[in-house]
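Keep in mind that this is a model prediction, so the values were computed, not measured. Convention: sequence-line order gives letters A, B, ...; per-chain numbering from 1.
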Amino acid sequence: MDTAERTELVTRFTEEVVEASEIETLFEERESPTAYIGYAPTGEMHIGHFTTMRKLADFIDAGLDVTVLVADLHAHLDDAKSPFELLDARSEYYETAIRAMIDAAGGDTESVSFVRGTDYQLEEPYTMDLYRTIAETTISRAQRAGSEVIRQSENPKLGGLVYTLMQSLDVAALEADIAYGGIDQRGIYMLARERLPELGYSKPACVFAPLLSGLTGGKMSASEAGSKINLTDDDEAVGSKIEGAYCPAGEIEDNGVLEYLRFLVFPVFEERGERFTVERPAEYGGDLEYDSYGDLEADFVSGDLHPADLKPAASAAISDVIDPVRERLLAEPELLASAYPETHS
RNA sequence: CCGCCCUUAGCUCAGACUGGUAGAGCAGUCGACUGUAGAUCGACUUGCCCCCCGUUCAAAUCGGGGAGGGCGGACCA
């Protein structure tokens with residue numbers, strides 16, 4: 001694989017890359033540049049996480065050395081989303097779920113390193129950098145950097161600001177050449193690009209994943225169960241959520257169903273060498289098969305593919321992609337039970 | 001340490017002065033209409049009124065105490 005191909009693999013299906021030329025340079029200079037993505041173990045993982053994990057398969061294929069950070073301290077720093085006592089249990093659940101997703105997406109988990117925040121964030125070098133940064137960063141700068149990530153409230157805690165500064169330091173601490181995350185992370189990594197050189201570290205390149213629309217139209221919402229598909233949803237639950245999903249004929253905007261197909265189902269099916277099949281009554285033209293998302297989208301936009309026919313096919317495909325993850329999590333019910341005692345006991 | 005304000009449906013809040021066991025909007029659920037969903041109509045659901053004690057025939061409402069949250073002041077050897 002040449003540099004251009006590797007760069008293309010790293011940057012495909014992304015929202016933004018800062019800067020693609022820097023990534024090319026990395027590949028030219030080194031066999032295995034490093035990339036990291038961090039997750040704060042807060043609420044249960046869902047299909048949105050899956051699409052970002054799917055992308056790791058591309059990273060691995062492109063020859064990047066990938067690290068997944070389970071940012072346990074961050075989970076509490078952000079408005080105490082996870083209670084201190086549950087950080088360990090949730091970290092364990094996240095790690096298992098993440099491995100399962102990478103496997104299901106056809107990535108090799110053996111080549112991914114897992115690190116927990118508390119593994120290094122309490123060590124002296126990191127702590128020293130953090131105090132330096134705290135001393136040198138204004139409140140409004142930190143607020144601006146984290147505004148899309150940190151829970152906003154009328155009476156914000158200091159934790160959210162520290163969270164933001166820590167995340168920008170994580171890039172250096174994990175020696176990542178590339179920081180990867182959802183586009184909501186942009187502010188934090190731009191702060192990292194701005195500040196890390198001042199601390200003597202190199203400036204990271206960034207790859208941002210798109211944030212998927214929720215199924216009810218608009219953004220995916222943690223507090224709205226019907227707006228997203230959970231990893232442990234059974235076929236029936238997936239079916240009824242997709243059936244209820246906002247999906248206007250011919251429209252692509254805010255269409256979660258199409259986005260799930262584009263960023264999750266098609267890439268995984270491609271990896272497996274499978275086709276996407278739509279069963280359709282003869283009166284509407286009979287069954288359809290697709291090899292690429294582009295073809296499907298074209299038919300959807302032109303009106304040749306009706307939402308009512310697409311939805312059941314999408315449900316089946318999503319269930320199929322999720323299934324191995326679901327199986328694995330349900331095989332170890334104690335993981336979820338101890339991570340979320342309120343909902344899984 | 002002192003003072004003031006806030007706490008009512010999943011969310012934002014009204015009701016408190018003039019006690020009679022609670023309302024709106026949004027959300028949600030279910031129908032109608034669309035070959036899906038949404039939009040639009042129509043219907044419906046939801047409450048330890050923060051906790052305890054007291055006054056009263058009767059307390060979300062009045063009195064006392066407490067908890068949680070917010071704001072301000074003081075202290076600064």
Side-chain angles (χ1 to χ4, degrees), chain A residues 42-44 46-48 51 76-85 139-140 143 147-148 150-162 210-230 233-266 276-290 293 295-322 340-345:
Chain A
T42 53
E44 280 187 58
H46 52 75
I47 198 165
T51 63
H76 187 71
L77 281 171
D78 184 7
D79 203 31
K81 279 181 180 170
S82 289
F84 237 89
E85 316 77 64
I139 291 174
S140 60
Q143 263 170 351
S147 64
E148 294 296 315
I150 296 304
R151 180 181 282 167
Q152 302 296 305
S153 76
E154 203 179 334
N155 303 296
K157 309 285 196 296
L158 284 176
L161 302 178
V162 175
L211 296 187
L212 302 194
S213 298
L215 289 175
T216 51
K219 288 185 179 175
M220 208 185 287
S221 161
S223 58
E224 202 184 332
S227 80
K228 61 182 196 304
I229 285 169
N230 281 103
D233 282 348
D234 57 24
D235 291 358
E236 195 185 341
V238 172
S240 71
K241 284 179 184 177
I242 294 296
E243 190 192 333
Y246 173 76
C247 186
E251 274 184 43
I252 301 204
E253 197 85 356
D254 287 333
N255 195 324
V257 178
L258 288 181
E259 290 175 21
Y260 286 10
L261 293 173
R262 179 177 185 188
F263 295 109
L264 184 65
V265 171
F266 272 93
F276 180 73
T277 310
V278 176
E279 289 180 19
R280 189 166 64 173
E283 69 171 299
Y284 295 120
D287 296 357
L288 292 166
E289 291 210 329
Y290 295 98
Y293 170 77
D295 295 343
L296 180 146
E297 186 182 284
D299 275 2
F300 188 80
V301 169
S302 72
D304 289 344
L305 175 58
H306 192 276
D309 295 320
L310 175 63
K311 280 184 168 182
S315 296
I318 291 166
S319 273
D320 188 44
V321 169
I322 282 183
Y340 304 98
E342 305 280 308
T343 46
H344 283 86
S345 53

Identify the nucleotide, in any strand shown, that forms a Watson-Crick or G-U wobble pair with B/rC76, with both distances under 3.5 Å; if there is none, say none.
none
Intermediate values then yes/no, side-chain contact (heavy atoms from CB on, under 4.5 Å), A/Arg262 and A/Leu212:
CA-CA 10 Å; A/Arg262 179 177 185 188; A/Leu212 302 194; over 6 Å; no
Exceeds 12 heavy-atom contacts within 6.0 angstrom, atom CD of A/Glu251:
yes
Can you tell me the Watson-Crick or wobble partner of B/rC62, both distances under 3.5 angstrom?
B/rG54
Nucleotide N/O to protein N/O under 3.5 Å, stretch nucleotides 5-12 of chain B:
none

Would you kindly give the CG-to-C1' distance between A/Asn155 and B/rG70, to the nearest whole Å?
6 Å
Which base, if any, makes a Watson-Crick or G-U wobble pair with B/rU36, both distances under 3.5 Å?
none
Euclidean distance for P, B/rG31 against B/rA37 (whole angstrom):
10 Å
Say we look at B/rC53 and B/rA58: how far apart would their P atoms be, to the nearest angstrom?
15 Å
Could you tell me the separation between the CG atom of A/Asn255 and the C1' atom of B/rU36, rounded to a whole number of Å?
11 Å
Roughly how far apart, to the nearest Å, are B/rA9 and B/rA60 at atom P?
15 Å
Now, which nucleotide makes the Watson-Crick or G-U wobble pair with B/rC4, with each of the two distances under 3.5 Å?
B/rG70
Check the distance between B/rG35's C1' and A/Leu310's CG and give it to me in whole angstrom.
14 Å
Atom CD of A/Glu243 to atom P of B/rC30: distance rounded to whole Å?
10 Å
To the nearest angstrom, the CG-P distance between A/Leu215 and B/rU36 comes to 17 Å
Write down the distance separating the C1' atoms in B/rU55 and B/rU61, rounded off to the nearest Å.
13 Å
Return the orientation label for the A/Tyr293 and A/Phe266 ring planes: parallel under 30°, perpendicular over 60°, tilted otherwise.
perpendicular
B/rC49 pairs with which nucleotide, Watson-Crick or G-U wobble, both distances below 3.5 Å?
none
Which nucleotide sits closest to the side chain of A/Lys311: B/rU36, B/rG35, B/rG38?
B/rU36
Check the orientation of A/Tyr290 and A/Phe276. Use parallel for under 30°, tilted for 30 to 60°, and perpendicular for over 60°.
tilted
Interatomic distance, A/Asp254 CG vs B/rU36 C1' [rounded to whole Å]:
17 Å
Distance, C1' atom - from B/rA14 to B/rU7, rounded to whole angstrom:
15 Å
Flag yes if more than 12 heavy atoms outside A/Ile252 fall under 6.0 Å of its CD1 atom; otherwise flag no.
yes
Write down the distance separating the C1' atoms in B/rC62 and B/rU21, rounded off to the nearest Å.
16 Å
Tell me which nucleotide, if any, is Watson-Crick or G-U wobble paired with B/rC17 when both distances must be under 3.5 Å.
none
Please confirm whether the backbone N or O of A/Val257 pairs with a side-chain atom of A/Lys311, one donor and one acceptor, at under 3.5 Å?
no
Would you check if A/Asp79 and A/Ile150 make a side-chain contact, meaning some heavy-atom pair closer than 4.5 Å?
no
Residues within residues 279-287 of chain A bordering RNA chain B, heavy-atom distance below 4.0 Å:
A/Tyr284
Taking all heavy atoms of A/Lys228 and all of A/Lys241, pick out the closest pair and write down the distance.
O-NZ, 3.1 Å
Opposite nucleotide pairing with B/rG10, Watson-Crick or G-U, both atom distances under 3.5 Å
B/rC26
One pair to check against side-chain contact (heavy atoms from CB on, under 4.5 Å): A/Val321 and A/Ile47. What are the steps and the verdict?
CA-CA 10 Å; A/Val321 169; A/Ile47 198 165; over 6 Å; no
Rounded C1' spacing from B/rU40 to B/rC50 in Å:
40 Å
Could you state the OH-C1' distance from A/Tyr260 to B/rA37, rounded to the nearest angstrom?
14 Å
Give a yes or no on this: more than 12 heavy atoms of other residues, nucleotides or ligands lie within 6.0 Å of atom CD of A/Glu236.
no
Whole-Å distance separating the CG atom of A/Leu258 from the P atom of B/rU36
16 Å
Nucleotide paired to B/rC41 in any strand shown, Watson-Crick or G-U, under 3.5 Å:
B/rG31
Pairwise P distance, B/rU12 and B/rG73 [rounded to whole Å]:
28 Å
Just so I know, are the side chains of A/Asn255 and A/Pro248 near enough to count as touching, which here means a heavy-atom distance under 4.5 Å?
yes
